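Protein chains get the first letters and strands the later ones, always in sequence-line order, with residue 1 at the start of each. All values below were derived from every heavy atom in this structure, side-chain atoms included, with hydrogens, water molecules and symmetry-related copies excluded. Everything numeric here is computed off the predicted structure, so don't read it as measured data.
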Amino acid sequence: MKRPLTLIAKARGSPVRAYLSASALPETRRRTPEWGGAALSRNPLAAGTRAGAAPPWLAVQAALMSLVDSRVRSDWWDSPSSLFLQFDEPIDSKVCRHLIRRYTGQGKHLHSVFVFVQMQRVGVRPDSFTFAPVLKSVARLCLREMGRSVHAYAAKANFDGDVYVGTSLVNFYGGCLLIGDAHQVFDEMGERNSVSWNALITGYTHNRKFAEALDLFREMQADGVEPTEVTMVGVLSACAHLGALSLGKWIHEYIDCHGLSLNEFLGTSLVDMYAKCGAVMEMEKAFVAMRIKNVYTWNALISGFAMNGRGEAALQAFSRMMMENLKPDGVTFLGILCACCHEGLVDEGKRYFRIMKDEFGLCPGIEHYGCMVDLLGQAGLFSEALHLVQNMDLKPDPIIWRTLLGACRTHRNVPLGRYAARKLLELEPTNADNYVLLSNIYAQDSMWDEIAQLRAMMNQKALAKVAGCSSIEIGNAVYEFIASDCLKPEVHDLLDDIRKELKQVGYAANTGLALYDIEEEEKESSVAFHSEKIALAFGLIRSPPGSTLRIVKNLRVCQDCHVFFKLVSLVYKRGISLRDRNQFHHFAGGSCSCRDHW
DNA sequence: CTAGGGTTAG
């Protein structure tokens, strides 16, 4: 139960600690308590009790506030338990509903859930309007069992036929990574509208089931339900993750033709979709076309440039953003540091890392340190990198150590590599990638005994590597290939032919790292049939001559494939864009946009 | 009075 909580919290950008307790209700970490200990006059709810125009929800609020005043408890709002412990009067369900709405609206999700629970305790019956906000809070906290019992309660009270309640339930299950349950609730809903469809589709994208999200989008249309802006945000996000450029372009046209409003959400999704499909020009056009932009939009643009190897454009975008007086946030600097990293701009990176704290008062997160470690490590500045890791005010996570280990491989630094690997395996002993990475370092220096030891450790733990998988979009279809896949003879032969041809311009297979790979399957297929090469060969056969080949890979590209792709772009005069796990490689005329730095 | 949305290291 703990793990999915972290996952969803990370996905939603609000780290939480979820422990239900009556005495202490910890809140989302980033939020400073607004009402805690403060004078009651600072309570926004108290506004209505002052003289002047009264807001519409005044009646209930005023009643609440006078109750509060009579009890003289200024911390009342921060500890809703006092509502139930101290008041002799029977608690009204309207009061509870408002309380829950306010708490959820303020991001005080545990308070909201707590009030709901207390309502059951003292026998106050919620109405159908109470379920939506409490389910939102339950979803945010990823309290799965709690959500299930809320669901059961709603069913018992016959509220589950309500579209609002049903849609909230779909959203809850989807948000807690229980997409099967979300779909089931959706199927059983008596009444559905576009909002319910949207909840289900975004649920699928949250659960990283992108292809299924697109299927649902088709189903929705077949059902005669018009997509809305929110639908398109979800669908574009799925396109972005899949690298499905042609569908993304189709959505863009649909938006224009059907007069969907290009608001911040939709515009940002478009920018991000083009960025993640490697279509930098279209990304810029989509960005320029937007009327209203906010920090999300700029962040999508900046990281879009960064991941496409356009570091200088990312930095320029940042200065334009400054000129428009927009306040950058942590994500902005993540994009910037990432850009510096890909460009190898060590001093620039250090400068931005400094000004993010000094000028903008932003506290660097582990991700920012991760970028810095990568930046320093890839530049070969090992003592600085290590110093940063050992002196940062956050506990280094596995990614930090793996980044350092990766830099050690690039620069063949065995001693530091051993150290980083030891730290890494302490934290993450069951991740096969870690062993492979260290084994690659040993392989470079022909340290066979160490490699044998690693192999034994892996066998003992029965660790398996993630299979390499590449996809290529041709026309309106996406084709997927797995390394060591059964090859079509035509593709196999073509790969042979290509290899022969490339050898004439100086290609020599770089199998060094793969030969000592630990996975049996990998050894058999070796680098010659890495999934991206198969996709490339397939693309050369099937796509119209001269068109750009777009390939998406789930892992990072290996040295050999990188050289291979560069030469194919030269010899066959084809533009190729390869999306890595990390970034884009745009190949043309024998060179790559990453300048061999990745 | 209620439901659905965008950016994020390695």
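For dT2(B), the base is stacked against the aromatic ring of Tyr164(A), per a cut-off of 5.5 Å between centres and 30° between planes. Stacking annotation: Phe265(A) is not stacked on the base of dG6(B) (requires ring centroids less than 5.5 angstrom apart and an interplanar angle below 30 degrees). An aromatic stacking contact between Phe131(A) and the base of dT2(B) is absent, as defined here by ring centres under 5.5 Å apart and ring planes under 30° from parallel.
Atom CD1 of Ile100(A) is separated from atom P of dA3(B) by 13 Å (rounded to the nearest Å). The nearest whole Å value for the distance from the CG atom in Leu376(A) to the P atom in dA9(B) is 18 Å. dA9(B) atom P lies 17 Å from atom CG of Asp433(A), rounded to whole Å. If you take CG of Leu362(A) and C1' of dT8(B), they are 13 Å apart, rounded to a whole angstrom. Rounded to whole Å, the distance from CG on Leu405(A) to P on dA9(B) is 20 Å. Atom CG of Asp329(A) is separated from atom P of dT8(B) by 12 Å (rounded to the nearest Å). With rounding to whole Å, Asn582(A) atom CG is found 13 Å from dT8(B) atom C1'. Put simply, CG on Asn193(A) is 14 Å from P on dG5(B), counting in whole angstrom units.
Each of dG5(B), dA9(B), dA3(B) was ranked by its minimum atom distance to the side chain of Val195(A); first place goes to dA3(B). In the set dA3(B), dA9(B), dG6(B), dA3(B) carries the atom at the smallest distance from any side-chain atom of Ser168(A). Candidate nucleotides dG10(B), dT2(B), dG6(B) were compared by shortest atom distance to the side chain of Arg556(A), and dG10(B) ranks first. Of the candidates dT8(B), dG6(B), dA3(B), dT8(B) carries the atom nearest the Val331(A) side chain, counting heavy atoms from C-beta on. Listed candidates were dT8(B), dG5(B), dA9(B). Nearest to the side chain of Glu229(A) is dG5(B). Out of dC1(B), dG6(B), dA9(B), the shortest distance to the side chain of Ile366(A) is found at dA9(B). Side chain of Thr268(A), nearest nucleotide from dG5(B), dT7(B), dC1(B): dT7(B). Listed candidates were dT8(B), dC1(B), dA3(B). Nearest to the side chain of Leu334(A) is dT8(B).
Residues Asn263(A) and Glu229(A) bring no donor and acceptor atom of their side chains to less than 3.5 Å of each other.
Between Val271(A) and Met290(A) the shortest side-chain heavy-atom distance falls below 4.5 Å.
Residue Arg97(A) is classed as a base contact, given a heavy-atom separation below 4.0 Å to a base. Looking at heavy-atom distances under 4.0 Å, Asp374(A) makes contact with sugar-phosphate atoms alone, never a base. Contact annotation for Asp127(A): no contact, since no heavy-atom pair falls under 4.0 Å across all strands. Here Thr228(A) lies in heavy-atom contact (under 4.0 Å) with a base. Contacts of Lys293(A) with the nucleic acid, taken as non-hydrogen atoms under 4.0 Å apart, are absent. Within 4.0 Å of Asn294(A), counting heavy atoms only, lies at least one base atom of the nucleic acid. In this structure, Asn434(A) reaches neither bases nor backbone, as no heavy-atom distance under 4.0 Å exists between it and the strands shown. Residue contacts shown for Thr297(A) include a base, since a base heavy atom lies under 4.0 Å away. Base contact: Val163(A) has a heavy atom under 4.0 Å from a base atom.
Atom CZ of Arg351(A) is surrounded by more than 12 heavy atoms from other residues, nucleotides or ligands within 6.0 Å.
Within the 3.5 Å criterion, the main-chain N or O of Ala275(A) finds no donor-acceptor partner in the side chain of Asp272(A). Side chain of Asn434(A) to backbone of Leu425(A): no donor-acceptor contact under 3.5 angstrom is found. Side-chain N or O atoms of Asn294(A) include one that pairs as donor or acceptor with a backbone N or O of Thr297(A) at under 3.5 Å. A donor-acceptor contact shorter than 3.5 Å links the side chain of Thr332(A) to the backbone of Asp329(A).
No hydrogens or angles were tested; on distance alone, nothing pairs the side chain of Thr403(A) with the base of dG10(B) as donor and acceptor under 3.5 Å. The base of dG6(B) does not come close enough to the side chain of Asp272(A) for any donor and acceptor atom to sit less than 3.5 Å apart.
Contact annotation: Lys276(A) does not reach the phosphate of dG6(B) (side-chain N/O to OP1 or OP2, under 4.0 Å).
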